[in-house]
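Written out below as structure tokens is the structure these notes cover.
Here the structure is a predicted model, which is why all the values come from computation and not from measurement. Counting begins at 1 with the first residue of the sequence. When a ligand or atom number is given, it counts from 1 through the structure's own listing order.
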Amino acid sequence: MKIDVLTLFPAMFAGPLDESIIKRARDAGLLDLKIHNLRDYAHDRHKTVDDRPFGGGPGMLLKPEPIFEAVEALKRERTRVILVSPSGRTFNQAVARELAELDDLLMISGHYEGFDERVREQLAQDELSIGDYVLTNGALPVMVIIDAVTRLLPGVLGDDESSHEESFSHGLLEYPQYTRPATFRGMSVPEVLLSGNHAEIAKWRAEQSRQRTKERRPDLL
Ligand code: JF5
């Protein structure tokens, strides 16, 4: 998969995507990730990327020209162009699975009060939010999306890391898990998990998942 990112803060991307599973995916050629500075596509002397909204009001908007020129330079035949802002549809595991099917993404990180509406209408096929809160810019949400999508690409996870059993794949929260020691600082592991009775263990885990989901995330039931 090829992912291009357009951002005013390319330095934020150094680090989080150079570690662990994402690093391994990049080194293996499963993810080709390129970070581009939106300011490089501003061609006036002052490298202006923002301007005041027509009609007044607080804050600044990202100007359309640098974004249009960057997208025209970077996008290919099959590229899905995605804006990242709090106004998008909410990203979740189903959206991650959908994006993991594609070959080519171009994500544009929002900033200030957001995008000139013509960017939305003409350039973007999609707009994603990672949740109902406001960040200073879209770099962290873009990295969250890249992480969630990359781990779903064929060959990225080893058998031990495999995702099919995890939360949101079966639609419930994970059951409680324990490893050795069986008693730690006076806290012991539930008896059933030490019983060797695999049917009872499966029943206990299913019940714990359901209870925990009902308590913490009733919206999932
Ligand atoms: C951004 C205008 C983009 O704050 C976010 C965000 C929150 N959930 N998902 C994304 O993105 C940065 C802020 C203001 C456009």
- Message: Tell me whether V49 shares a hydrophobic cluster with F54, the cluster being built from Ile, Leu, Val, Met, Phe, Trp, Tyr side chains joined at under 4.5 Å.
- Response: no
- Mind jotting down which residue pairs meet the salt bridge (Lys or Arg N to Asp or Glu O under 4.0 Å) criterion with at least one end in residues 132-149? Sequence neighbours excluded, please. none
Let me have the donor-acceptor pairs involving side chains of residues 199-210, under 3.5 Å, with sequence neighbours excluded, atom names and distances please.
residue : atom : partner : partner atom : Å
S209    : OG   : L173    : O            : 2.8
S209    : OG   : Y175    : N            : 3.4

- Item | F13 versus P16, closest heavy-atom pair with distance | O-CD, 4.0 Å
- Query: To the nearest 0.5 Å, how far apart are CG in L17 and OG1 in T150?
  - Reply: 7.5 Å
N/O to N/O under 3.5 Å, ligand 1 against protein:
residue  : atom  : partner : partner atom : Å
ligand 1 : 4 (O) : L135    : N            : 2.8
ligand 1 : 8 (N) : S129    : OG           : 3.4
ligand 1 : 8 (N) : G131    : O            : 3.0
ligand 1 : 9 (N) : S129    : OG           : 3.3
ligand 1 : 9 (N) : I130    : N            : 2.9

Distance-only donor-acceptor pairs under 3.5 Å for side chains of residues 30-37, two or more places apart:
residue : atom : partner : partner atom : Å
D32     : OD1  : K34     : NZ           : 3.0
H36     : NE2  : D4      : OD1          : 2.7
N37     : OD1  : R39     : N            : 3.0

